[in-house]
Number of protein chains: 2
Amino acid sequence: MAHAKRSEFTEAEQQLAAVAKALSHPARVAIVRLLAARNACVCGELVSELPLSQSTVSQHLKELRAAGLVQGEISGPRTCYCLAPAGWELARRLWGELLAALPPEASSCDC
Amino acid sequence: MAHAKRSEFTEAEQQLAAVAKALSHPARVAIVRLLAARNACVCGELVSELPLSQSTVSQHLKELRAAGLVQGEISGPRTCYCLAPAGWELARRLWGELLAALPPEASSCDC
DNA sequence: AGGGCTTATCGTATGTTTACGATGGCAAAG
DNA sequence: CTTTGCCATCGTAAACATACGATAAGCCCT
């Protein structure tokens with residue numbers, strides 16, 4: 001009966017939550033940063049840069065890809081990953097909308 | 001043995017992941033938006049605005065507070081919640097840093 | 001075809017999240 | 001002092017996430 005109420009929220013809320021979820025693990029943030037740093041694609045280099053096993057990295061990549069933040073191309077025997085511009089565009093927009101809805105500045109609590 | 005590798009990542013990566021985790025559920029995004037909309041504080045109004053039970057909402061609020069995105073003050077018999085500017089400032093900064101590290105524009109994959 | 005490398009997936013163990021009802025504490029009202 | 005109302009926490013059940021090793025799948029080279 002748990003995890004069953006997600007459908008009762010806004011589309012935007014669910015999308016933003018999905019993006020946030022994809023980045024809700026340090027390993028995935030690290031992967032994104034690595035991909036951004038090389039700006040080009042990397043494959044199993046990620047594994048050697050991270051303190052995680054190959055299968056775990058692969059699993060994180062799968063989630064990032066499912067969230068639309070990363071795309072991968074099979075290039076010969078290895079797989080080439082890179083950031084997916086469309087996904088980041090959406091993420092940027094959603095996050096921007098949320099921030100825009102926030103109170104202007106340090107207008108904290110007035111209760 | 002699971003969930004034990006989090007300490008092997010950057011401070012910034014962990015912080016960003018924590019913020020993302022706090023927003024990784026539609027209900028919490030919805031709560032943030034409600035708090036932003038009323039710009040002031042609300043209490044159990046949240047419960048009546050959300051398709052969730054009181055205890056569940058309280059639990060989500062606890063997580064948002066733990067992440068530093070929301071602060072609550074006990075005001076008489078009810079509790080008054082509002083967004084925590086400091087937490088959002090940090091979130092804004094971390095997210096901005098990540099976006100800044102991304103490839104300039106639609107410079108997708110070049111493999 | 002076969003050997004070797006890289007990556008994905010499977011199976012599995014353990015921890016975390018999510019949700020709810022029920023219980024308890026605390027302040028204002030009576 | 002008791003009652004009322006609000007909120008947090010406890011207890012619990014089911015689902016999900018995380019990590020790893022092991023196994024399969026795919027491509028390249030000889």
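What you see is a predicted model, and the numbers here were worked out from it, not measured in a lab. Atoms considered below: every heavy atom in the structure, side chains included; atoms not considered: hydrogens, waters and symmetry mates. Each chain gets a letter, A, B and so on, in the order its sequence line appears, and its residues count up from 1.
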Is the shortest side-chain N/O distance from [X] to OP1 or OP2 of [N] below 4.0 Å?
X: Lys21(A); N: dA17(D); value: yes
X: Thr56(B); N: dC20(C); value: yes
X: Arg28(B); N: dT18(C); value: yes
X: Ser53(B); N: dC20(C); value: yes
X: His60(A); N: dA17(D); value: no
X: Tyr81(A); N: dT6(C); value: no

Rounded distance [0.5 Å steps], [atom1] in [X] versus [atom2] in [Y]:
X: Glu89(B); Y: Leu102(A); atom1: CD; atom2: CG; answer: 10.5 Å
X: Arg93(B); Y: Leu98(B); atom1: CZ; atom2: CG; answer: 12.5 Å
X: Leu61(B); Y: Ile31(B); atom1: CG; atom2: CD1; answer: 4.5 Å
X: Tyr81(B); Y: Glu73(B); atom1: OH; atom2: CD; answer: 11.0 Å

For [X], answer base if it contacts any base atom (sugar-phosphate contacts may also be present), sugar-phosphate if it contacts only those atoms, and nothing otherwise; contact means non-hydrogen atoms under 4.0 Å.
X: Glu63(A); value: sugar-phosphate
X: Ser58(B); value: base
X: Ser55(A); value: base

d([atom1], [X]; [atom2], [N]) in whole Å:
X: Phe9(B); N: dT18(D); atom1: CZ; atom2: C1'; value: 11 Å
X: His25(A); N: dT18(D); atom1: NE2; atom2: P; value: 5 Å
X: Leu52(B); N: dC7(D); atom1: CG; atom2: P; value: 15 Å
X: Gln59(A); N: dC16(D); atom1: CD; atom2: P; value: 15 Å
X: Leu64(B); N: dC7(D); atom1: CG; atom2: P; value: 16 Å
X: Arg78(B); N: dG25(C); atom1: CZ; atom2: P; value: 21 Å
X: Leu61(B); N: dT18(C); atom1: CG; atom2: P; value: 13 Å
X: Lys62(B); N: dC6(D); atom1: NZ; atom2: C1'; value: 17 Å

Per-helix bend value, the helix from dA1(C)-dT30(D) to dG30(C)-dC1(D), C1' rotation axes over five pairs per end, 10° rounding, shows 20°
Earlier contact from the 5' end, DNA chain D, for Ile74(A) and Gln54(A) =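 The residue mapped nearer the 5' terminus is Gln54(A).
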Given side chains that start at C-beta, do those of Leu69(B) and Val32(B) come closer than 4.5 Å, heavy atoms only?
->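 They are not in contact (no side-chain heavy atoms under 4.5 Å apart), so the answer is no.
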For residues Glu13(B) and Arg33(A), determine if any side-chain heavy atom of one lies less than 4.5 Å from a side-chain heavy atom of the other.
->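 Side-chain contact under 4.5 Å: yes.
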Aromatic ring pairing Trp95(B)/Trp95(A), orientation class (parallel under 30°, perpendicular over 60°, tilted between) | tilted
Parallel, tilted or perpendicular: ring planes of His25(B) versus His60(B), cut at 30 and 60 degrees |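 Tilted, since the angle between the ring planes falls between 30° and 60°.
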Closest listed nucleotide, where the reference is the side chain of Thr79(A) and the choices are dT18(C), dT9(D), dA8(C) = dA8(C)
